[in-house]
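Here is the structure we will look at.
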Amino acid sequence: MKIATWNVNSLKVRLPHVLDWLAASQADVLALQETKLTDDQFPVQAFQDAGYRAAFAGQKTYNGVALVTRSEPVDVIADIPGLGDPDRRILGATVGDVRVLDLYVVNGQEVGSDRYAYKLGWLARVTEHVARELAIHPRLVVLGDFNIAPEDRDVHDPEAWREQILCSTPERDALQRLLALGLADAFRLFEQPEKSFSWWDYRAAAFRRNLGLRIDLILASPALRDRCTACVIDKAPRKLERPSDHAPVLATFDL
DNA sequence: ATGGTGGCGCGGCCA
């Protein structure tokens, strides 16, 4: 079973890339972020024609998450008890016997800002929710755009980014509290090239110069970690015309 | 160079 995540930065613009990538990767589950589509605009038919079902929680202009799946997603949730967030950033579903939680973590804008406080509070509520999900579903994948680079090796220039947004200690601590529930960063279960990143700013030719961060993660519960056989970042779509600023990340499970 | 690019939607926000 192949499970992937991709922040597409507008599904309307990126739909051809997504369909091509599904055909090439043969992913069974693709978690999308920043679809920027209302639910009535979601391209259900295009995915159906490609052999996929979908669950989605969208809004106009910002945010929006979706799960594109080979088999029917069931027990879908788009919110967490007690969060009360109008942003569509969360989508949970059961696909086969795997529970999947797609997250578009708050960016946070700037350390110390209102949005930064919102990010840390949001992460704390999500962590509580993941603890509850883990108790119910041994096979749990939490994946998406975490907007946090876990360690300095996930940052092209750790000194320039020191205590900046996406890299600050409180953000990294919040991610560690999530991992401490028993989740494993699938990418780090395997040997990886140095300077592996999943996001590159559109500006300053950052992709060409590989000035990126690894902020798109696939986290696996213990039962799934034991069955994870590979995890890769696919930079190919980032090289296309009008790319997303993120690359897809794909994990393979022996299921 | 306190900039730069991209999406949405048509001015300014967000990333």
Side-chain angles (χ1 to χ4, degrees), chain A residues 5-21 30-43 46 56-66 68 83 85-91 102-123 126 143-150 154-168 170-172 174-175 197-217 233 235-249:
Chain A
T5 179
W6 195 1
N7 180 323
V8 290
N9 185 22
S10 168
L11 184 55
K12 202 171 289 179
V13 174
R14 237 65 71 185
L15 182 60
H17 291 188
V18 172
L19 293 171
D20 287 349
W21 191 78
L30 174 58
L32 301 174
Q33 303 88 37
E34 287 204 89
T35 55
K36 300 185 177 180
L37 287 172
T38 52
D39 289 347
D40 60 297
Q41 298 174 305
F42 194 88
F56 37 89
Q59 68 184 89
K60 203 164 120 86
T61 312
Y62 301 116
N63 310 311
V65 282
V68 178
L83 189 61
D85 187 359
D87 289 359
R88 300 294 78 182
R89 298 178 174 276
I90 295 172
L91 193 60
D102 178 15
L103 301 179
Y104 174 46
V105 175
V106 177
N107 174 284
Q109 218 152 48
E110 190 181 352
V111 174
S113 67
D114 287 350
R115 297 193 69 80
Y116 182 73
Y118 164 49
K119 179 179 196 172
L120 295 178
W122 191 94
L123 283 164
V126 166
L143 76 175
D145 177 358
F146 282 74
N147 269 317
I148 302 171
D154 301 309
V155 181
H156 70 91
D157 184 346
E159 293 315 317
W161 283 84
R162 185 77 57 211
E163 297 303 335
Q164 300 301 303
I165 195 67
L166 314 185
C167 299
S168 73
E171 290 167 89
R172 286 178 169 175
L175 178 61
F197 308 124
S198 66
W199 168 81
W200 303 260
D201 199 301
Y202 282 121
R203 296 165 286 189
F207 180 68
R208 184 179 55 74
R209 301 158 66 199
N210 198 30
L211 306 182
L213 303 180
R214 189 176 71 92
I215 57 177
D216 299 275
L217 310 178
I233 298 170
K235 290 170 73 169
R238 187 64 175 81
K239 300 172 184 173
L240 300 173
E241 288 289 318
R242 277 192 101 184
S244 167
D245 45 351
H246 295 252
V249 185

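Below, chains carry the letters A, B, ... as their sequence lines are ordered, and counting in each starts from 1. Scope of the values below: all heavy atoms of this structure, side chains included, with no hydrogens, waters or symmetry mates.
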- Message: With rounding to the closest Å, how many angstrom separate the P atoms on dA15(B) and dG9(B)?
- Response: 15 Å
- Note on the structure: Of Asn9(A) and Arg115(A), the one whose nearest nucleotide on DNA chain B sits closer to the 5' end is Asn9(A)
- Looking only at non-hydrogen atoms, find the nearest pair between Thr35(A) and Val8(A) and report the distance. CA-CG2, 4.5 Å
- Message: From the set dA15(B), dG7(B), dG9(B), return the single nucleotide nearest to any side-chain atom of Thr61(A).
- Response: dG9(B)
- Message: Output the rounded distance in Å from CG (Asn63(A)) to P (dC13(B)).
- Response: 17 Å
- Task: Tell me whether the OP1 or OP2 atom of dT5(B) has a side-chain N or O from Arg242(A) closer than 4.0 Å.
- Result: no
- Message: Could you tell me how far apart Arg14(A) (CZ) and dA15(B) (C1') are, to the nearest whole angstrom?
- Response: 13 Å
- Query: Arg89(A) near the nucleic acid: base, sugar-phosphate alone, or nothing, with a heavy-atom cut-off under 4.0 Å?
  - Reply: sugar-phosphate
- Message: Quick one: does any side-chain atom of Arg89(A) pair with a main-chain N or O of Asn63(A) as donor and acceptor, under 3.5 Å?
- Response: no
- Task: Report yes if the side chains of Lys36(A) and Lys12(A) come closer than 4.5 Å at any heavy-atom pair, otherwise no.
- Result: no
- Query: Given the C1' atoms of dG11(B) and dA1(B), what is the spacing between them in whole Å?
  - Reply: 25 Å
- Atom NZ of Lys60(A) to atom C1' of dC14(B): distance rounded to whole Å? 15 Å
- Message: Under the rule for side-chain hydrogen bond (donor to acceptor under 3.5 Å, both in side chains), what residues qualify as partners of Thr5(A), not counting sequence neighbours?
- Response: Gln33(A)
- Query: What is the distance, rounded to the nearest whole Å, between atom CD of Gln59(A) and atom C1' of dC13(B)?
  - Reply: 13 Å
- Task: Report which part of the nucleic acid Phe207(A) touches: base, sugar-phosphate, or nothing (heavy-atom distance under 4.0 Å, all strands).
- Result: nothing
- Pair of N/O donor and acceptor under 3.5 Å linking dC8(B) base with Tyr62(A) side chain: no
- Message: I'd like to know if the side chain of Asp85(A) pairs up with that of Tyr118(A) as donor and acceptor (distance under 3.5 Å, no hydrogens or angles considered).
- Response: yes
- Message: Using atom C1' in both nucleotides, what's the gap between dG4(B) and dC14(B) to the nearest angstrom?
- Response: 16 Å
- Note on the structure: When rounded to whole Å, the CH2 to C1' distance for the pair Trp200(A) and dA15(B) reads 16 Å
- Message: Just N and O in the side chain of Lys36(A): are any of them under 4.0 Å from OP1 or OP2 of dA15(B)?
- Response: no
- Starting at CZ of Arg203(A) and ending at P of dG7(B), how long is that distance when rounded to a whole Å? 13 Å
- Message: Please compare Ser10(A) and Asp201(A) by the position of their nearest nucleotide in DNA chain B and report the one closer to 5'.
- Response: Asp201(A)
- Rounded to whole angstrom units, what separation is found between the CZ atom of Arg238(A) and the P atom of dT5(B)? 13 Å
- Note on the structure: Whole-Å distance, Asn7(A) CG to dG7(B) C1', equals 12 Å
